[in-house]
Every structure is written in structure tokens, then in C-alpha cells.
J.: 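One structure, as C-alpha cells, below. Some questions next.
Everything numeric in this text was worked out from a predicted model, so none of it was measured. We name chains A, B, ... by the order of the sequence lines, and we start the count at 1 in each one.
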Protein chains: 2
Amino acid sequence: METVGQTIRAKRESLGLLLRQVASYLDIDQAILSKIERNERKPSRDNIIKLAEILQMDSEDLLIQFMSEKIALEIANEHCASKVLKAAEQKVKYLKSNLEKN
Amino acid sequence: METVGQTIRAKRESLGLLLRQVASYLDIDQAILSKIERNERKPSRDNIIKLAEILQMDSEDLLIQFMSEKIALEIANEHCASKVLKAAEQKVKYLKSNLEKN
DNA sequence: ATTTTACTTGACGGAATTTGTCAAATGTAA
DNA sequence: TTACATTTGACAAATTCCGTCAAGTAAAAT
């Protein structure tokens with residue numbers, strides 16, 4: 001299973017883009033992008049959006065990959081991880097149904 | 001749907017315990033416990049464990065409630081929240097199957 | 001062989017967030 | 001009023017996050 005970093009690097013290389021080029025588009029130092037691609041730093045939401053643009057990817061897909069990875073790493077070491085996710089699903093439903101009302 | 005804070009407060013009051021008493025058991029200032037119960041501060045993992053002890057609750061249940069609440073609040077405002085949770089489930093499975101191997 | 005190019009690494013500093021302490025303010029019941 | 005429980009906000013210390021920069025590595029080009 002590919003990490004967000006791996007996905008980004010693969011796409012960037014397949015397009016023949018340099019770290020420097022992509023980084024300047026994101027308006028960050030290439031060192032940071034290098035670290036993002038190797039999962040040493042986490043991209044900001046804005047980074048993800050811009051990355052999707054320049055790498056010609058669907059930004060929602062990339063966001064989903066990014067957020068789900070974050071959550072998975074947070075709880076993977078819990079033996080009750082899947083219970084947590086199921087409970088989270090219920091809560092999300094509940095929260096959303098409330099947002100509609102207000 | 002009850003928040004962790006509400007659950008804690010309800011249980012504490014039903015046992016007739018004071019903030020001061022529970023807080024000292026957790027080894028934190030009562031002001032912090034007050035805030036935890038009103039969802040102004042987040043309990044640490046250790047807080048949760050000790051709370052379950054003194055409030056005679058199942059610590060796993062409380063941890064699940066705590067973690068799922070945290071995740072739900074993180075993503076509830078995303079329209080793709082449920083996709084994120086589904087993807088997270090896959091990743092957790094993948095990560096766990098790798099932990100077994102090593 | 002040395003120069004150029006792409007990328008990596010780690011030290012550093014500032015901003016923002018977190019975590020806890022404390023005392024004053026508020027509320028409430030005796 | 002007094003006493004007691006809780007709340008609130010100011011504050012400081014500790015930690016985390018975010019980015020810059022320059023030196024280091026590695027590989028290709030000249």
C-alpha cells in the first residue's frame with residue numbers, strides 16, 4: 001500500500017518534474033517537499049491542493065489518502081482500532097445531521 | 001450523543017465525587033478536570049485510564065469513545081468524511097498485517 | 001577527473017499550540 | 001455571611017510545527 005509521499009513522488013517523476021519546480025509552485029522550500037515525499041514531514045491541506053493541481057491528480061482523492069493515512073497511523077497500534085473507526089462513523093453521522101439543522 | 005466530557009461528569013456526579021478528589025487521583029489540577037468535563041481541554045491517554053479506574057468504567061470503552069470523538073471532530077466538516085474512514089480502515093488492516101510479520 | 005545537477009540531511013529560529021499553575025470570580029447551599 | 005464546589009482567565013513552561021538555509025551525498029554530464 002502506497003503512502004501519500006510515495007504517490008506524490010511517483011507522479012512527480014512520471015511527469016519529469018523536479019523537486020525545485022514543484023516546491024516553488026507550492027511556495028515551499030524544496031527540502032520540505034523532499035521530506036514530504038519521504039514521509040518525514042506532513043503536507044498542509046494547502047500543499048495537498050496545490051500538489052493535486054500541478055501533478056494532475058484529483059484533489060479529493062489525494063486529500064482522502066492523506067487524511068486516512070493520518071488517522072490510520074494514529075490508531076494502528078491500538079488493538080481496538082476498528083472499533084474506534086466504527087464509533088467515529090456514528091459520531092460523524094450524528095454531527096452531520098446536526099449541522100444540517102443549523 | 002454524549003461527549004466524553006459529559007460521560008465523565010455524569011459518572012463522577014453519580015458516584016458523588018468532587019472535582020478535587022478525582023483530579024488529585026489523576027494528579028492534575030481540578031481546573032483541568034473541570035475543563036475536560038466541559039470539552040475545553042483534551043484528556044491525555046493516561047487521564048483516560050485513571051478516569052476509568054476511579055469512575056469504575058471499562059477503560060477500553062472510554063478510550064474508544066475518546067479516540068473516536070477526536071477523529072470525528074477532525075473530519076466531520078469534510079464532505080468526504082465517510083470515504084476517509086473507509087480508507088482508514090483499509091490502511092489499518094494493512095498496517096496490522098505488517099506488524100504481525102515483524 | 002571535475003563540474004553540474006538533483007536530492008538529502010540536520011542545525012537552527014520563530015510561531016503556534018499544548019499543558020499545567022494559580023488565584024480571582026461565580027454560583028450555590030447551609 | 002460563611003463555606004464549599006466549580007469556573008474562568010491570565011500566565012509561564014514545554015512541546016510541536018513550520019519553514020530557511022547551507023553543507024553533504026550521489027549520480028550524470030562535460
J.: Return the value, rounded to whole Å, for the distance between atom CD1 of B:I32 and atom C1' of C:dG20.
T.: 5 Å
J.: Any base atoms under 4.0 Å from B:E40, or only sugar-phosphate, or nothing? Heavy atoms, all strands.
T.: sugar-phosphate
J.: Rounding to a whole Å, what distance do you find between A:L33:CG and C:dC7:P?
T.: 9 Å
J.: Side chains of B:S34 and B:R38: is there a donor and an acceptor less than 3.5 Å apart?
T.: yes
J.: In whole angstrom, what separates A:N47's CG from D:dC18's C1'?
T.: 10 Å
J.: If you take atom types as modelled and just measure distance, does the side chain of A:K35 reach the base of C:dG10 with a donor-acceptor pair under 3.5 Å?
T.: yes
J.: Taking the side chain as every heavy atom from C-beta outward, state whether B:Q65 and B:E60 have any atom pair closer than 4.5 Å.
T.: no
J.: Please pick, from C:dT21, D:dA5, C:dG10, the nucleotide with the shortest atom-to-atom distance to any side-chain atom of B:R20.
T.: D:dA5
J.: Rounded to whole Å, please give me the gap between CD in A:Q30 and C1' in D:dC21.
T.: 11 Å
J.: Rounded to the Å, how far apart are B:I36 CD1 and D:dT7 C1'?
T.: 14 Å
J.: Is any side-chain heavy atom of B:I75 closer than 4.5 Å to a side-chain heavy atom of A:I71?
T.: yes
J.: From CG of B:L19 over to C1' of C:dT26, roughly how many Å is that when rounded to an integer?
T.: 14 Å
J.: Look at A:R41 and D:dC18 and indicate whether a side-chain polar atom (N or O) is within less than 4.0 Å of OP1 or OP2.
T.: no
J.: To the nearest 0.5 Å, tell me how far A:M1 CE sits from A:T7 OG1.
T.: 10.5 Å
J.: Which is more 5' along DNA chain D, the nucleotide nearest A:K42 or the one nearest A:A31? Just name the residue.
T.: A:K42
J.: Closest nucleotide of DNA chain D for A:D29 versus for B:L18: which of these residues is on the 5' side?
T.: B:L18
J.: What's the CD-P distance between B:E13 and D:dC4, to the nearest Å?
T.: 19 Å
J.: Does C:dC7 have its OP1 or OP2 closer than 4.0 Å to a side-chain nitrogen or oxygen of A:S34?
T.: no
J.: Kindly indicate whether the side chain of A:E74, heavy atoms from C-beta on, has any atom under 4.5 Å from the side chain of B:K70.
T.: yes
J.: Whole angstrom is fine here: how far is it from CZ in B:R9 over to C1' in D:dA5?
T.: 10 Å
